[in-house]
Amino acid sequence: MSPGAVKVQLPEAPTTGYLWALEDLPHGVTLVRTEYQAPGTGTIGGQGERAFVLDVLSVGRHVLEFRLARAPGDEAVENRTVTLIVAPGE
């Protein structure tokens, strides 16, 4: 995989007040946008997906830390770590 766009998707139900946030970005990775996709079932308050669209600018190992909490300073109810490994292109 060469440097480029990456999408990380996490399950989220915003009506609960708990939202995913991306902690400090590692060098060589920029956040392009976040987007939420509601569930297709038509259920109010159902769980959808939060997508983080990232641009990976450099090769190497990039560790992304995500936290699910009500507010930035609140204690997280869940943490997820995603490791991107980008090898040099040929």
Going from CH2 on Trp20 to CZ on Arg80, what distance comes out if it is rounded to the nearest 0.5 angstrom?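 That separation rounds to 4.5 Å.
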
To the nearest 0.5 Å, tell me how far Gln9 CD sits from Arg50 CZ.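 Result: 11.5 Å between the selected atoms.
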
For Phe66, what residues pass the ring pair (Phe, Tyr, Trp, His ring centres under 6.0 Å) criterion, not counting sequence neighbours?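 Phe52.
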
State which residues pass side-chain hydrogen bond (donor to acceptor under 3.5 Å, both in side chains) with Arg67; sequence neighbours excluded, sorted by chain then number.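 With neighbours one apart ignored, the set is empty.
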
Side-chain heavy atoms nearer than 4.5 Å, only ILVMFWY residues, links allowed to pass through others: does that put Leu19 and Val53 together?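 The answer is no; the residues belong to distinct hydrophobic clusters.
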
Note, [X] side chain near [Y] side chain (heavy atom, < 4.5 Å):
X	Y	answer
Thr83	Arg61	yes
Val8	Leu22	no
Leu68	Leu10	no

Would you say Gln37 has more than 12 foreign heavy atoms packed within less than 6.0 Å of its CD?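 No.
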
Residues 23-34 side chain polar contacts: donor-acceptor under 3.5 Å, at least two apart:
from  : atom 1 : to    : atom 2 : distance (Å)
Arg33 : NE     : Glu35 : OE1    : 2.9

Closest heavy-atom contact between Tyr36 and Gln47?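 Distance-wise, the nearest heavy atoms are OH-C, 4.1 Å.
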
If you take all heavy atoms of Ala76 and Ala69, which pair is closest and at what distance?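 Heavy atoms of Ala76 and Ala69 come nearest at CA-CB, 4.0 Å.
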
